[in-house]
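Excluded from the calculations below are hydrogen atoms, water molecules and symmetry mates; all remaining heavy atoms, backbone and side chain alike, are included.
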Amino acid sequence: PRKRHVLLLWLLFCSGVAEALEPISTTIAVGIAAGLKTDLESKLFGQHIASRIILKAVSGFMYNDNPRKPLVLSLHGWTGTGKTFVSKLIADSIYAEGMQSSFVHVFTSTLHFPHSEHIATYKSQLQQWVRGKVINCERSMFIFDEMDKMPPGLIDSIKQYLDYHVKLDGVSYRKSIFIFL
């Protein structure tokens, strides 16, 4: 049943008919929050403060049909503290296919941006990629892993998408999710 609710949620958000069916989208947001809460409580250990903050941020964002800006989470900690795992739990609670969803986009610095001398190309490609994915579905999720290994200045190329803008070049990023690890 949870998978069907999540699928319905994405059909609503990505088809542009969400506004006409507001009570259904609110009900689904409640289900997402409940599923994420259960997952955080039963699968994530030793991170109770982070769990509460993440649950509140994600739930509040998903309840809001007209957020003022995208949800931006920055998760810090040593290797093995659960940053990637929490991102997976968030994706699993929102998308029917979890991390394999075509709406979840993962960038690993050492894999996608390995050469700092190509930063100008990376900036342009990253902007085009994010813009294209948000045009396809405004509830897209972007996960940036290994932020500490990203070429300096690269993340600045998408900073404009993270702020309070109704639209940038005709595209609204306000319902997107950006997670930095």
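By the 30° and 60° cut-offs, the orientation of the rings of Y122 relative to F113 is perpendicular.
The main-chain N or O of L55 is found under 3.5 Å from a side-chain atom of S59 such that the two form a donor-acceptor pair. Judged by distance alone, with hydrogens and angles left aside, the side-chain atoms of Q47 form a donor-acceptor pair with the main-chain N or O of T81 at under 3.5 Å. Remark: the backbone N or O of P70 is not paired with any side-chain donor or acceptor of S176 at under 3.5 angstrom. For R131 (side chain) and D169 (main-chain N/O), a donor-acceptor pair under 3.5 Å exists by modelled atom type. With K43 contributing its side chain and V86 its backbone, the two residues share no donor-acceptor pair below 3.5 Å. Proximity of a side-chain donor or acceptor of T108 to a complementary backbone N or O of T110 within less than 3.5 Å is not detected.
Summarising the geometry of F144 relative to M150, their closest heavy-atom pair is CD2-CE, 3.9 Å, with the distance given to 0.1 Å. R139 approaches K175 most closely through the heavy-atom pair CD-O, 3.3 Å. Nearest heavy-atom pair across F61 and K69 is CE1-O, 3.5 Å.
K88 has a carboxylate O that lies under 4.0 Å from a charged side-chain N of D92, or vice versa, which qualifies the two as a salt bridge.
Between D163 and K159 there is no side-chain heavy-atom pair separated by less than 4.5 Å. Between L71 and F178 there is no side-chain heavy-atom pair separated by less than 4.5 Å.
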Could you check L181 against S87 for side-chain contact (heavy atoms from CB on, under 4.5 Å), going step by step and ending with a plain yes or no? CA-CA 9 Å; L181 310 177; S87 298; 3.5 Å; yes
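Interatomic distance, OG of S172 versus NZ of K167, reported as 7.0 Å (0.5 Å rounding). With rounding to the nearest 0.5 Å, the separation of CZ in R68 from OH in Y164 is 5.0 Å.
Between S116 and H118, the side chains place no donor N or O within less than 3.5 Å of an acceptor N or O (distance only, hydrogens not considered). Checked by atom type, the side-chain pair T121/Q125 shows no donor-acceptor distance below 3.5 Å.
Just one of I177, I94, I179, I143 meets the side chain to side chain contact (heavy atoms under 4.5 Å, CB included) condition when paired with V104; it is I143.
Heavy-atom contacts from other residues, nucleotides or ligands closer than 6.0 Å to CG of D148 number more than 12. Annotation: K37, atom NZ; neighbour count of heavy atoms from other residues, nucleotides and ligands within 6.0 Å does not exceed 12.
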